[in-house]
Amino acid sequence: MNSSLLSGLNPEQRAAVELPAQSALILAGAGSGKTRVLTTRIAYLISTGAVSPHGILAVTFTNKAAKEMVTRLSAMLPINMRGMWIGTFHGLCNRMLRAHHREANLPQTFQILDSGDQLSAIKRLMKAMNVDDEKFPPREVQSFISSSKEQGLRASEVEAYDPYTRRKVEIFAEYDTQCQREGVVDFSELLLRCYELLSRNAALREHYQERFKHILVDEFQDTNKLQYQWLKLLAGIPLSNSLPQAGERTNVSLRDHSSTSALFAVGDDDQSIYAFRGANVGNMQALTRDFHVENVIKLEQNYRSHGNILEAANVLISNNRNRLGKNLWTSENGGEQLRVYEAATDVDEAAFIVDEIKQLKSEGINLREIALLYRSNAQSRVLEHALVSAGLSYRVYGGLRFFERQEIKHALAYLRLMENTDDDNALLRIINFPTRGIGARSIEQLQEAAKMNSTTLWDAAARAGGKVSAFVALIESLRSATRELPLPEIMDHVLHHSGLVAHYQNETGVKKREAEERLENLNELVNAATLFVHENEDDSLTSFLTHASLEAGEHQAGDQDDALHLMTVHSAKGLEFHTVFITGLEEGLFPHQNSQREDGGLDEERRLMYVAITRARRRLYLSFAQSRMLHGQVSYGMASSFLRELPEGLLHWITPRVTQRNSFASFGYSAPFTPSSPPVSVEGVQNSAPVQRASSGSVWRIGQRVFHQKFGEGVITGVEGSGADARVQVNFKRAGSKWLALEYAKLTAV
DNA sequence: CGCACGTGGTTTTTT
DNA sequence: ACCACGTGCG
């Protein structure tokens with residue numbers, strides 16, 4: 001059983017799987033079999049009897065990743081997975097908070113606010129507090145609150161040195177009070193509340209520390225500060241500096257030394273692309289220190305891409321500072337060169353892509369094996385236009401999710417209010433939808449009454465008369481009529497008796513089409529409930545509502561259609577395709593203009609480019625346009641600096657190489673390009689001078705001093721292979737030790 | 001109450 | 001160019 005688990009693993013993967021029960025960091029490059037190692041590790045631990053399923057805690061960021069893990073595990077292990085905790089940070093925190101809602105000071109049926117709910121709660125609060133939303137944009141307040149919580153900070157702990165921040169802190173404090181009163185928690189609150197629960201309640205903490213002998217974390221480079229602290233707490237690592245609560249600190253460190261769990265963290269610092277939302281790559285360094293990690297294993301063999309693609313990725317990412325250091329390699333051959341295309345306009349770029357796709361299609365490549373990547377969503381428009389004209393089917397990722405649709409949120413609001421009448425957000429959403437004659441005026445009166453008596457809107461409404469009391473009666477009757485019904489029937493009943501279905505059925509004229517779609521979605525909601533009941537042990541309404549908040553997405557059909565994939569580079573992380581088009585490679589777009597301002601912004605953009613490149617298995621197109629419609633204006637851009645960081649030898653220019661581009665001179669649309677002197681790279685080093693490649697291997701011997709344009713001076717320390725596959729290992733003075741493919745690396749003997 | 005029109009903003013995203 | 005949101009009018 002063990003041997004079959006381990007068979008097919010390379011030595012590093014196998015070493016990772018078989019590590020002793022200590023904390024470890026697995027630096028897993030793109031396409032190196034990271035998920036396989038993670039799941040095999042779990043299967044290994046269980047099948048060797050090192051731990052029971054009960055002792056496993058596996059954490060991911062997305063539901064998709066969690067599901068994938070469960071699927072793979074159940075294929076590997078014949079046992080049932082009951083008792084194993086596998087899920088997202090938010091899902092697992094939710095689970096703990098539900099189990100200990102009393103200790104966490106939450107109602108049993110607490111509801112979860114998604115970002116949209118949170119924003120409307122903040123707007124409502126700010127109105128009540130008379131805060132000028134010009135000076136304090138609600139969105140900014142929202143991100144202030146969320147990022148504070150993600151740092152592990154309550155309002156009372158945020159340092160505010162100016163009146164502006166102090167005011168935001170006041171709103172933050174009030175917001176938390178409001179949430180508590182209404183029995184709702186936002187996403188970051190799930191984590192913070194769970195963290196506080198464990199840190200304040202020694203018995204619970206010790207219970208879970210004792211239980212989870214092995215904690216496994218996927219995409220560790222994406223963890224934020226709070227998630228890291230949460231992991232430390234669960235693993236029984238004494239809290240060092242960071243999080244406040246001075247009183248707790250000594251308490252925790254004294255008690256928790258006895259049992260520390262093994263944290264198995266898998267991640268790739270080179271694929272850290274979420275710093276903008278609080279991810280802290282520094283956690284990888286911190287981990288080795290705080291968890292006394294002796295085992296850092298690098299998975300560098302890539303099973304995805306051909307050599308040239310990997311080489312391009314390696315060279316590009318080597319321009320980043322502060323890497324943990326990793327160089328991907330493959331046993332595959334070099335494969336094709338990267339195809340570079342310079343278009344006159346964004347429209348031409350799209351036309352080129354369409355032509356290439358048609359060609360690929362005729363060669364038998366499935367459309368679903370092709371991805372069109374871009375830096376920002378707005379860029380999809382022109383691509384879509386070209387694809388529609390050409391009759392090529394495609395799917396755009398990252399649109400509105402199922403549970404975020406207006407009609408779905410309305411339907412769920414009825415259910416939420418039935419579950420928890422304190423939920424003012426839910427009440428306000430539906431008190432007049434469908435319209436029942438309760439206008440802004442009546443609502444204001446309710447809010448005043450509620451404020452006066454410091455009660456919830458529901459209580460105020462219960463005391464009101466007329467149309468408001470009819471609404472209260474409606475909710476009450478929905479509740480009593482559905483009390484004994486199974487979930488899908490509750491759903492169906494509410495849809496019809498709330499007036500939602502009738503409302504959309506009555507739509508006419510221009511809105512007719514839209515209403516029909518909304519009705520379909522409502523119908524789909526009943527299906528979702530049916531499916532949920534079949535798949536989940538806990539088929540309560542609360543459980544379904546939680547599912548709706550926490551797993552808003554991926555309810556999209558169409559996976560079986562053969563369609564192109566259009567998505568941002570961010571959403572492409574973790575995926576792979578036969579052919580990838582990286583589009584809009586223009587300075588200012590990719591790397592994005594706004595990144596230049598931020599500290600380390602360019603490095604993050606470069607990692608983004610690294611992610612984009614490593615999505616491709618066999619063929620990679622890089623394209624850019626001289627002019628592009630942006631914000632309603634034609635803007636002119638230069639080729640991305642990332643393009644110039646790639647070794648010429650790896651590139652095949654489909655358009656004539658433009659070697660000099662003095663600002664606007666070369667923006668003639670169809671004028672022939674005039675090759676002249678080479679461009680200057682970021683570091684000011686000539687980058688594209690054709691370097692004589694050595695035809696005979698005899699020059700490349702160990703000890704030979706060499707020069708590389710990017711890495712500078714170095715000495716050959718190893719030689720491998722021959723002919724087209726020949727690679728040399730060079731120890732560079734500046735850049736450290738690297739393996740380079742002789743066919744492409746522009747090395748000169750010194 | 002609902003529609004029409006004006007205004008501002010526009011990197012990336014999961015939960 | 002395009003979309004989301006908010007205000008004012010019929």
Side-chain angles (χ1 to χ4, degrees), chain A residues 59-66 87-94 112-120 123 127 133-134 137-139 143 146 149-150 185-192 194 218-219 222-224 226-227 272-279 346 373-382 385 397-401 403-404 406 432-442 507 509-511 546-554 567-574 584 588-598 601 604-605 607-609 611-612 628-635:
Chain A
V59 198
T60 63
F61 277 87
T62 65
N63 293 297
K64 197 175 159 198
T88 62
F89 279 100
H90 294 84
L92 295 167
C93 286
N94 172 66
I112 299 165
L113 303 183
D114 68 21
S115 330
D117 299 331
Q118 184 186 30
L119 186 61
S120 44
K123 282 182 184 166
K127 204 165 270 176
D133 60 6
E134 302 259 289
R139 284 188 183 282
S143 83
S146 295
K149 288 186 181 180
E150 277 156 18
V185 298
D186 61 49
F187 285 134
S188 33
E189 182 72 22
L190 279 173
L191 295 180
L192 183 54
C194 184
D218 192 18
E219 304 279 15
D222 289 338
T223 51
N224 63 34
L226 178 57
Q227 287 159 337
S272 160
I273 56 174
Y274 286 114
F276 72 91
R277 68 174 196 209
D346 48 354
L373 307 185
Y374 34 82
R375 178 63 179 80
S376 64
N377 285 303
Q379 290 166 253
S380 77
R381 186 155 232 98
V382 62
H385 188 82
Y397 286 74
L400 195 60
R401 323 264 272 275
F403 284 109
E404 283 168 0
Q406 186 207 106
N432 200 34
F433 192 94
T435 50
R436 43 178 70 90
I438 303 175
R441 192 63 182 268
S442 323
E507 289 285 8
V510 259
K511 286 196 153 183
T546 299
H547 164 80
S549 310
L550 250 31
E551 297 171 50
E554 296 327 299
M567 62 185 91
T568 62
V569 179
H570 279 92
S571 24
K573 193 168 92 158
L589 235 202
F590 194 5
H592 198 277
Q593 188 64 50
N594 297 4
S595 71
Q596 319 277 74
R597 306 244 150 224
E598 297 150 32
E604 176 139 325
E605 293 289 305
R607 290 193 292 270
L608 202 49
M609 181 66 181
V611 167
R628 168 178 307 275
M629 199 62 137
L630 216 60
H631 309 320
Q633 285 185 354
V634 177
S635 67

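Naming: A, B, ... by sequence-line order, numbering from 1 per chain. Since this is a predicted model, take the numbers as computed values, not measurements.
Contacts of A/His592 classified as ring-ring contact (aromatic ring centres under 6.0 Å, His included), with partners at least two apart in sequence or in another chain: none. Every residue was checked against the side-chain hydrogen bond (donor to acceptor under 3.5 Å, both in side chains) condition with A/Ser595, not counting sequence neighbours, and none meets it. A/Asp114 meets the side-chain contact (heavy atoms from CB on, under 4.5 Å) test with A/Asp117, A/Phe187, A/Glu404, A/Lys409; sequence neighbours excluded. Scored by the side-chain contact (heavy atoms from CB on, under 4.5 Å) test, A/Asn224 finds A/Glu150, A/Leu226, A/Gln227 as partners (sequence neighbours excluded).
Annotation: of the two residues near DNA chain B, A/Glu604 and A/Gly439, the 5′-most nearest-nucleotide partner is A/Gly439.
Rounded to whole Å, the C1' atom of C/dG6 lies 25 Å from the corresponding atom of B/dT11. Taking atom P on both B/dT12 and C/dC5, the two are 16 Å apart, rounded to the nearest angstrom. For B/dT14 and C/dC3, the C1' atoms lie 23 Å apart once the distance is rounded to whole Å.
The CZ atom of A/Phe590 sits 10.0 Å away from atom OG1 of A/Thr568, with the distance rounded to the nearest 0.5 Å. Annotation: the span from A/Thr88 atom OG1 to A/Asn94 atom CG amounts to 8.5 Å, rounded to 0.5 Å. Once rounded to the nearest 0.5 Å, the distance linking CE of A/Met567 with OH of A/Tyr374 reads 8.0 Å.
You'll find that the side chain of A/Thr62 is closest to B/dT15, out of B/dT10, B/dC1, B/dT15. In the set B/dT13, B/dT15, B/dT11, the nucleotide with an atom closest to the side chain of A/Ser376 is B/dT11. Between B/dC1, B/dT15, B/dT13, one nucleotide has an atom nearer to the side chain of A/Phe187 than all others, and that is B/dT15.
In this structure a side-chain-to-backbone donor-acceptor pair under 3.5 Å is missing from A/Ser549 to A/Leu113.
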Output one line per pair: protein atom, nucleotide atom from nucleotides 2-7 of chain C, and distance, for all N/O pairs under 3.5 Å.
residue, atom, partner, partner atom, Å
C/dC3, OP1, A/Arg381, NH2, 2.9

Produce the list of close N/O pairs, under 3.5 Å, pairing protein atoms with atoms of nucleotides 3-8 of chain B; give distances to one decimal.
none

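In this structure, A/Leu608 atom CG and B/dT12 atom P are separated by 11 Å, rounded to whole Å. The nearest whole Å value for the distance from the CD atom in A/Gln227 to the C1' atom in B/dT14 is 10 Å. Rounded to whole Å, atom P of C/dA1 lies 13 Å from atom CG of A/Asp346. With rounding to whole Å, A/Lys573 atom NZ is found 11 Å from B/dT13 atom C1'. Atom-to-atom, CG of A/Leu589 to C1' of B/dT12 comes out at 12 Å; the value is rounded to the nearest Å. Atom CD of A/Gln118 and atom P of B/dT14 are 16 Å apart (whole Å). If you measure from atom CZ of A/Arg375 to atom P of B/dT10, you get 14 Å, rounded to the nearest angstrom. Remark: C1' of B/dT15 and CG of A/Asp222 are 13 Å apart, rounded to the nearest angstrom.
Ring geometry for A/His570 versus A/Tyr274: interplanar angle of 30 to 60°, hence tilted.
The aromatic ring centroids of A/Phe61 and A/His90 lie 6.0 Å or more from each other.
Considering only side-chain N and O atoms, A/Ser115 lies nowhere under 4.0 angstrom from the phosphate OP1 or OP2 of B/dT15. OP1 or OP2 of B/dT12 has not a single side-chain nitrogen or oxygen of A/Asn594 nearer than 4.0 Å. The side chain of A/Asn63 places an N or O atom within less than 4.0 Å of a non-bridging phosphate oxygen (OP1 or OP2) of B/dT15. In this model, the phosphate group of B/dT15 is approached by a side-chain N or O of A/Arg401 to a distance below 4.0 Å at OP1 or OP2. Look at A/Asn377 and you'll find a side-chain N or O under 4.0 angstrom from OP1 or OP2 of B/dT12. A/Arg277 has no side-chain polar atom (N or O) that falls below the 4.0 Å cut-off from OP1 or OP2 of B/dT15.
Contacts of A/Asn432 with the nucleic acid, taken as non-hydrogen atoms under 4.0 Å apart, involve only primed sugar atoms and P, OP1 or OP2. Backbone-only engagement by A/Ile438 is indicated by non-hydrogen atom pairs under 4.0 Å involving sugar-phosphate atoms exclusively. Within the nucleic acid shown, A/Phe89 has no heavy atom closer than 4.0 Å to any nucleic acid atom. Contact annotation for A/Glu598: base contact, defined as any heavy-atom pair under 4.0 Å involving a base atom.
Between the side chain of A/Ser595 and the base of B/dT11, no donor-acceptor pair of N or O atoms lies under 3.5 Å.
Ring stacking holds between A/His592 and B/dT11, with the centres under 5.5 Å apart and the planes within 30 degrees of each other. Here A/Phe61 does not count as stacked on B/dT14, because the ring centres are not under 5.5 angstrom apart with planes under 30°.
Within a 6.0 Å radius of CZ in A/Arg436, other residues, nucleotides and ligands contribute more than 12 heavy atoms.
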Q | Pair A/Asp346-A/Arg381, salt bridge (charged side-chain N to carboxylate O under 4.0 Å, His left out): steps then yes or no | A | CA-CA 10 Å; A/Asp346 48 354; A/Arg381 186 155 232 98; over 6 Å; no
